[in-house]
Asker: 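Would you mind keeping the following structure in view while I ask a few things?
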Amino acid sequence: MKPKIWLSSPHMSGKEQSYIKEAFDSNWVAPLGPNVTGFEQDIQNYLGQNRHVAALSSGTAALHLALILLKVKAGDEVICQSKTFSASANPIVYLGATPVFVDSETETWNICPEQLELAILDRIEKGKTPKAIIAVHLYGMPYKVDQIQSIALKYKIPIIEDSAESLGSTVRDQHCGTFGDLSILSFNGNKIITTSGGGALVTKSLIEKEKAVFLATQARDDAPHYLHSTIGYNYRMSNILAGIGRGQMTILDQHVEKRRSNHQFYQDAFEENNAITFLKEPEGYFSNRWLSCILLETKTIREELRQALEKENIESRPLWKPMHQQPVFKNAPSYLNGVSDQLFEKGLCLPSGSNLTDAERHRVLTTIKMYFGE
Ligand SMILES: *Cc1c(COP(=O)(O)O)cnc(C)c1O
């Protein structure tokens, strides 16, 4: 068996261990400490736009707290991009609220402005104004930030920007993670940088950040004894993991460059092959190309190609199965145009790690060319 080529695997810079050692040496082995503060500061400096960052245990926790900050309660409705990972939608259900799924457009594969407006108008007519819009920059490609923002403003609905896959992406040089009223990041093992597991909430005001940290540390009121007037959570990031994050921040831009070069490599290699298409960056858009995705002509070809890669011990994966197609969300209202279903049928994510070697890329290439008889 040839060695496994992964879709996206952790990639350390070498600096992580010195931050971890510092944490041990100073005994900050806790969900607070200098690495947590330092990591938050590093992300704030990177994102710009005067944002505040709360480091948390996961991106899912960040979404959960974002919904709580927006006062989402049982019985409320929250709009969510259908084409995404289930973690975008699950926290809506944690709160007893209902997700309302909205389909994608073809230029970024993210939430479709027309469907979004139809959904809002229809929900209002049915008696409930949605409490929030969760928009996702899938695979690092920013959603249509201007159009989505203007619809959100028109109906006065806040945006939660799910930037879990898009740290390092920009629109007209503004970083993803700074477009939402609240934004979230993920540092899971397969993301563009990792803390093994972790996430962050990005806020516009210090007050919101402080509120998130308060909720994330068991909602302890200011008193010498343990006093609680709110339900809290244990969602803070550990100082050890934040040390990994500090090391990872030093090479974030190199990771982005490498992932973009993977995408360019595949695009150049299949330029002549009309059976494979790629998602282009719209004018002013810069994608971190977290995963390199291709579209095939049919579902059969996509599945045959996936199996051909698997036989060579190369991991590839269909694009996210839309939430409106998931058994667990079968009763949720959805506003559909067929785009995300088509993408799910014909799309395939190829190995995209920032640690992918030239030899590995060529193995992927050869396997795909063999499949097409090239
Ligand atoms: C990974 C991911 C999340 C969840 O982040 P975790 O840190 O794994 O909890 C949320 N949304 C999207 C789009 C993701 O890809």
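Atoms within each ligand, like the ligands themselves, are counted from 1 in listed order.
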Asker: State, to 0.1 Å, how close Met323 and Phe329 come at their nearest heavy-atom pair, and which atoms those are.
Answerer: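 Heavy-atom minimum between the residues: O-CB, 3.5 Å.
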
Asker: In ligand 1, which numbered atoms sit nearer than 4.0 Å to a non-hydrogen atom of Thr84?
Answerer: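 It comes down to these atoms of ligand 1: 13 (C).
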
Asker: Pairing donors with acceptors under 3.5 angstrom, does anything connect the side chains of Tyr143 and Glu105?
Answerer: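 No, because no side-chain N or O of Tyr143 sits under 3.5 Å from a partner of the opposite role on Glu105.
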
Asker: I need the atoms of ligand 1 closer than 4.0 Å to a non-hydrogen atom of Gly198, numbered in the order shown.
Answerer: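 Reading through ligand 1 atom by atom, the close ones are 7 (O).
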
Asker: In terms of residue, atom name and distance, what is the protein heavy atom nearest to atom 11 (N) of ligand 1?
Answerer: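 Here the nearest protein heavy atom works out to Asp162 OD2, 2.7 Å.
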
Asker: What protein heavy atom sits nearest atom 2 (C) of ligand 1, and how far away is it?
Answerer: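 For atom 2 (C) of ligand 1, the nearest protein heavy atom is Lys191 NZ, 2.7 Å.
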
Asker: Please list the nearest protein heavy atom to atom 9 (O) of ligand 1 with its residue and the distance rounded to 0.1 Å.
Answerer: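 Going atom by atom, the protein heavy atom closest to atom 9 (O) of ligand 1 ends up being Thr60 OG1, 2.5 Å.
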
Asker: Between Ala164 and ligand 1, which residue portion shows a heavy-atom distance shorter than 4.0 Å: side chain, backbone, both, or neither?
Answerer: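 The side chain, only.
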
Asker: Between Asp103 and His324, do the side chains contain an N or O donor and an N or O acceptor separated by less than 3.5 Å?
Answerer: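 Asp103 vs His324: no donor-acceptor pair found between side chains.
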
Asker: Distance alone, cut at 3.5 Å: any donor-acceptor contact between the side chains of Ser352 and Asn262?
Answerer: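 Ser352 vs Asn262: no donor-acceptor pair found between side chains.
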
Asker: Nearest protein heavy-atom contact for atom 4 (C) of ligand 1: which residue, which atom, what distance?
Answerer: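 Closest protein heavy atom to atom 4 (C) of ligand 1: Ala87 CB, 3.5 Å.
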
Asker: As an exercise, identify every atom of ligand 1 less than 4.0 angstrom from a heavy atom of Ser58.
Answerer: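 Those of ligand 1 that fall under 4.0 Å from Ser58 are 7 (O), 9 (O).
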
Asker: Does the side chain of Ser8 reach to within under 4.5 Å of the side chain of Leu291, using non-hydrogen atoms?
Answerer: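 In short, these two side chains touch, coming nearer than 4.5 Å.
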
Asker: Do any heavy atoms of Ser88 fall under 4.0 Å from ligand 1?
Answerer: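 So Ser88 counts as touching ligand 1.
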
Asker: With the 4.5 Å side-chain cut-off for hydrophobic clustering, are Leu153 and Ile160 part of the same group?
Answerer: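 Different clusters: Leu153 never reaches Ile160 through Ile, Leu, Val, Met, Phe, Trp or Tyr contacts under 4.5 Å.
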
Asker: Would you please test Lys144 and Glu107 for salt bridge (charged side-chain N to carboxylate O under 4.0 Å, His left out) and show each step?
Answerer: CA-CA 9 Å; Lys144 294 196 167 182; Glu107 283 166 57; 3.4 Å; yes

Asker: Taking the side chain as every heavy atom from C-beta outward, state whether Tyr155 and Ile133 have any atom pair closer than 4.5 Å.
Answerer: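 No, their side chains stay 4.5 Å or more apart.
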
Asker: Could you find the nearest protein heavy atom to atom 15 (O) of ligand 1 and give me its residue, atom name and distance?
Answerer: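 That would be Glu165 OE2, 2.6 Å.
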
Asker: Could you measure the distance from the CZ atom of Arg236 to the CD atom of Gln218? Nearest 0.5 Å is fine.
Answerer: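 So the gap between those two atoms works out to 13.0 Å.
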
Asker: For ligand 1, does Val136 get within less than 4.0 Å through its side chain, its backbone, both, or neither, judged by non-hydrogen atoms?
Answerer: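 Only the side chain of Val136 comes within reach of ligand 1.
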
Asker: Looking only at protein heavy atoms, identify the closest one to atom 8 (O) of ligand 1 and say how far it is in Å.
Answerer: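 It is Asn188 ND2, 3.2 Å.
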
Asker: Could you name the option among Ser86, Ala200, Ser186 that has the heavy atom nearest to atom 7 (O) of ligand 1?
Answerer: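 When every heavy atom of Ser86, Ala200, Ser186 is considered, Ser186 comes closest to atom 7 (O) of ligand 1.
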
